[in-house]
Structure formats: structure tokens, C-alpha cells
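Data block below; observations after.
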Protein chains: 2
Amino acid sequence: MLTEERQQIILEQLKLHNIVKLHDLIPLTGASESTLRRDLQDLENCRKLLRIHGGAQNVISLHEEPALSQKAAVHINEKKMIGQTAANLVQNHEVIFLDSGTTIQFMIPYLIEHNDLLVITNSVDNASMLADYNVNTFLPGGKLKSSTKALVGANIIQTLENYHFDRAFLGTNGFSVEAGYTTPDPEEAAIKSLAIAQSNQAYVLSDSSKFSQVSFSRFATLEDVPLITDKLSDKEISILSKYTKITEAI
Amino acid sequence: MLTEERQQIILEQLKLHNIVKLHDLIPLTGASESTLRRDLQDLENCRKLLRIHGGAQNVISLHEEPALSQKAAVHINEKKMIGQTAANLVQNHEVIFLDSGTTIQFMIPYLIEHNDLLVITNSVDNASMLADYNVNTFLPGGKLKSSTKALVGANIIQTLENYHFDRAFLGTNGFSVEAGYTTPDPEEAAIKSLAIAQSNQAYVLSDSSKFSQVSFSRFATLEDVPLITDKLSDKEISILSKYTKITEAI
DNA sequence: CCATATTCGGTCAAAATCAATCATAAAATA
DNA sequence: TATTTTATGATTGATTTTGACCGAATATGG
């Protein structure tokens, strides 16, 4: 087996399980421990993974390879459609706020359709991808939250208070009639709320699987912000549309 | 068998398996190892495939080519050693500034040796990696420069003026006796200069290949900031050490 | 806290692969 | 036909990869 084959197997396993043990790789590749160690080293050198004691762990890549992560990532096509629908709402010369989260990230490839945008985002991953797509981007300063790679804290709040956006696009961990739009981290919730307040028009993007999911902190009620989502059942639509405007991405 | 036929077979196999071993091609084509080597060379020259040790790989591979980015990264071991040496200078509980650039990035894995660090960086890539390694990180706000994914502009300058660092670690595009430390972009140079001014102790990290390279804007003279680099020749050391303190990573 | 078991990084020699060269034979050209 | 060009296969020494080994570093369980 060739070096490249082995390394691809390692990366596949990583996409699949997020973590992989060195010893599990030995039967999978037929290579020796030493060789696999070297492979892990090489892959870490080009930032494809993070070595840990006993194996390696996935590093959530900046511009994730759509083809590769297809299996791992869920609702890719839904998110793509939602991203495109949302991006179509943007007009040339606007200033827009992009929240963190994968769904929001799917907007970025479609943003290049528009000229002279200025994007403000609190997500380091989004920022990296926006740079790849050559979009004018500004990052407000803040504390970096390791788990989501989003900027949070008093500092960013203070900064955002001085800014105003034509449109803001928010992600969410769940939405329901009773709880509204919710997310686990209150600090991130505070930023979402503020971004909504500072924008002429805000939208929440979420695939339909998040319906009736409730997380810890609410950042908006359904009435506050319209929802862009994929195909919902008729029943779900009739319930939700009493409370908010729904756009279905097709 | 004609040359064209053979190469066609190679490309077919490549389409089929994404990777092909040289030895598997010998029975398939009936040609000798030397001939097939030449074929692979030819096909690589016209970008039909990517040669790897033991065979060849599809160019339009589903998976990105690890071989490519791996080979592209130069002076990896030197940078690792420099990164480790620099990281060893850090003490627990310190506040440090990390510049953008790959050499600086190699410090990050070694930073986790220290407790309770706070890292300020103007590089989105660094920030992402720091998050992977769970290091306390703060990003000053600024305009995102697409090419280097570094934050620049008046805003970040203003922010950094209010901060003070125990140590600052800077990258450079070149260093020479006459020109000092230089980098192409004046905006990035301004940030480097400011970071030096706002720190108790600053260091420039650079592999020895940058010696006598000169870029557009100087951000410091050799006298201003000590240099951490890898093995230099005795002559180079004797020249440089007249002007600055040199630490050789071993 | 210590003892034990893994895991790690480095070194080494063997094996595989590579690039370069050379001679031969077929094909093309004169 | 004679000569050049081209493709091929064999050979060689250099380079790369690999697996095994070992002491050091790191987890694990009491």
C-alpha cells in the first residue's frame, strides 16, 4: 500500500469517527506502528489532523472539502440551498453580519455574486473562508471560544454596538414555538441578539431538523426574526407561520 | 504496444482507482519499469497526474492531494525547532503576542506546555489553530487581508495601543544587516512595529534561508529585536552577532 | 503518591523506489 | 543503403520508505 493511500484512509477514519487510535489503524492499513506514526506526523504538519496521545483527532477544517466531508456532515444539500436563498437576499454595496455556524458558512460561496460587500463576522472559520473568496471582511475584536471558534465577550459586544448592518444572518441550535430561537452559550446568544438589534433586517437560517429543538439560551422569539429553512411539512408550516415569516429554500 | 496505448491504460486505471502503483502497471502494459517511469513523467508534465512515491495519483482527486501541500511546505523541521525554542522562552501566566506567518504558527503546539497563557494574535489562521489547542486567545478587531489572512488597518492599531504584552513573537520575510527586518506590506509592518513597542521583550523568528533577503518595508532594525533562527554558518553568525542577539534553535 | 503499562520520538539497517546513464533495436530521414 | 532519431530495457548508485528496536515520556490504576 502506498503512502498516499494510507494517509487517505487515516483521514477518512478521522472524518468518520472524529478520533482515531493508532492501534486501530494498524490492521486497517497493514502498516507498522512506526510508519503510521510518521503518517500522523506528516498529516499534522500540513494541518490535516491534530495528534493526541494514542492517535489523532479531527481538526475542523477551514474550508471543508465538500466531497470529502460529505458523509460526515449532515444536511449538506439542505444547507447549500438555504445558503443560496439567503445570499440572494443581499444587495450590492451592503454591509452584512454573518454569525458563526456551518449553515451560515454555506452562504459564502454565493456572496461573490454581489459587488462591494462588507461582511462583519464573529466567526474565525467564516473569516478564513471569506478571505479565500476575496470578500471584504472585518472582524470585531473579542475573546476566542475554542469549541466553536467564535468571538465572544464584552469587547465584541462593545464594538458591535457602534456598528449598523443592512442585514444580519444568524444560525441557531434550535427553534420552537414556545422557546423561540435558542443556542447553548449565553455569550453567543448575547451577540446574536445584539446583531439582530443593530441590523435593518435579520434572518435566522436553519435546516428543518432543528424544528422543536430547544437549547439553553434564547436570543430571539419567532416573531422577532423571519426564518429561512428547507422543506417543512404542511403541518409544521401552518404552526410556524402563525408566529413568523418562513422562507423555504428550494 | 504503443506509447499512446500505455499512457491511456495508465489514465484509465487512475480514473478507476484514483491511485495506481507502478508495479501493478507492469503486467497490465507489458512494459518495463523504466518505460513506465518515463510515461508517468510525461503525464505529470502535462498535468494529467501527480507522481507519488511508488506510483501516481489522480490530479482531480476527490481528496485533496496531501502530497502536494506537504512538499510545498519547506523548512518544516527548521521551523519546528525554531518554534519550540521560542515557545520555551514563554513563562506561565504571561500575555504574549503572536504575529502571522507559518514560522510563528509552529510555536503553537509547544505553547500548551505553559499554563494560563493569554495569546493575542492578528492572524486568523493562528487563531484557528490556537483554538484547536485550547489556548486562551484574543483577537483584536480589524480588516481582514485576504492574501495572508491577517488583520490589519487603523482599527487594530488603535486596539493594540491599549494593550501590553510580556512577549511578542514576530515573523519576517527577510533580514539583513543593512535593511534590518523587512516585510512586503506596510500595513503589516506597522502592526509588527507596534507589537514590538508594546511588549517587554520581542523576538523575530526566521529560518536561516531568509538571511540577506530584503523586502519593501522595515519594521525593525537588527539592533531592536533579537533573532531566533536555525543553523547559520560561522561567517553569518559573526556578521550578524555584531548587530543583534542570535539564538540558534537546535 | 507510586508502579505499571502504553505510547512516544529517535536511530538504524534493510528493502523498495527513484533518477540517470548506457547500449540496443526499431523507426524515420536522408 | 547509411545515418540519425527515438523508444526501450537493463544497470547502477542515490534517495526514500519502511519496520524493528530502545530509552524516554506519558497515561493508567491502585
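Chain A is the first sequence line, chain B the second, and so forth, proteins listed ahead of strands; every chain is numbered from 1.
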hbond_proxy B/T3 side chain to D/dA7 base (donor-acceptor, 3.5 Å cutoff): no
Please give, in whole Å, the distance from D/dG9 P to B/L22 CG? 13 Å
What's the CZ-P distance between B/R37 and C/dC18, to the nearest Å? 4 Å
Are the side chains of B/I108 and B/V119 in contact, using a 4.5 Å heavy-atom criterion? no
Inspect the contact between B/E187 and B/K145 and indicate whether a charged nitrogen and a carboxylate oxygen are less than 4.0 angstrom apart. no
Just the rounded figure in Å: distance from P of C/dG9 to CG of A/N45. 11 Å
Residue pair B/S34/A/G30 against DNA chain D: nearer the 5' end by closest nucleotide is B/S34
Distance in angstrom units between B/M81 CE and C/dG9 P, rounded: 16 Å
Could you give the CG-to-P distance, from A/D39 to C/dT7, as a whole number of Å? 17 Å
Rounding to an integer number of Å, can you tell me how far B/E4 CD sits from D/dT8 C1'? 16 Å
For B/T35 and D/dG9, is the shortest distance between a side-chain N/O and OP1 or OP2 below 4.0 Å? yes
Ignoring backbone atoms, establish whether B/R6 has a side-chain N or O less than 4.0 Å from OP1 or OP2 of D/dT8. yes
Need to verify one output field. Residue with the more 5' nearest nucleotide on DNA chain C, A/Q41 or A/L2? A/Q41
So, B/E33 and B/R37, do they make that salt bridge, N to O below 4.0 Å? yes
B/L40 near the nucleic acid: base, sugar-phosphate alone, or nothing, with a heavy-atom cut-off under 4.0 Å? nothing
Do the two ring centres, one from B/F169 and one from B/F97, sit under 6.0 Å apart? no
Separation of D/dT18 atom C1' from A/L25 atom CG, nearest Å, is 16 Å
Write down the distance between NZ (B/K21) and C1' (D/dT18), rounded to a whole number of angstrom. 15 Å
Of the nucleotides C/dT7, D/dG9, D/dT16, which has the atom closest to the A/H23 side chain? C/dT7
Assert: residue with more 5' nearest nucleotide on DNA chain C, out of A/G54 and B/G54, is A/G54
Which nucleotide in the list C/dC8, D/dA20, D/dG9 gets nearest to the side chain of A/H53? C/dC8
D/dT8 phosphate, OP1 or OP2: any side-chain N/O from B/R38 under 4.0 angstrom? no
Report yes if at least one side-chain N or O of B/R51 is closer than 4.0 Å to OP1 or OP2 of C/dA19; otherwise report no. yes
Between C/dT21, D/dG19, C/dT7, which nucleotide has the shortest distance from any of its atoms to the side chain of A/S32? D/dG19
B/K48 and B/D42 ion-paired at < 4.0 Å: no
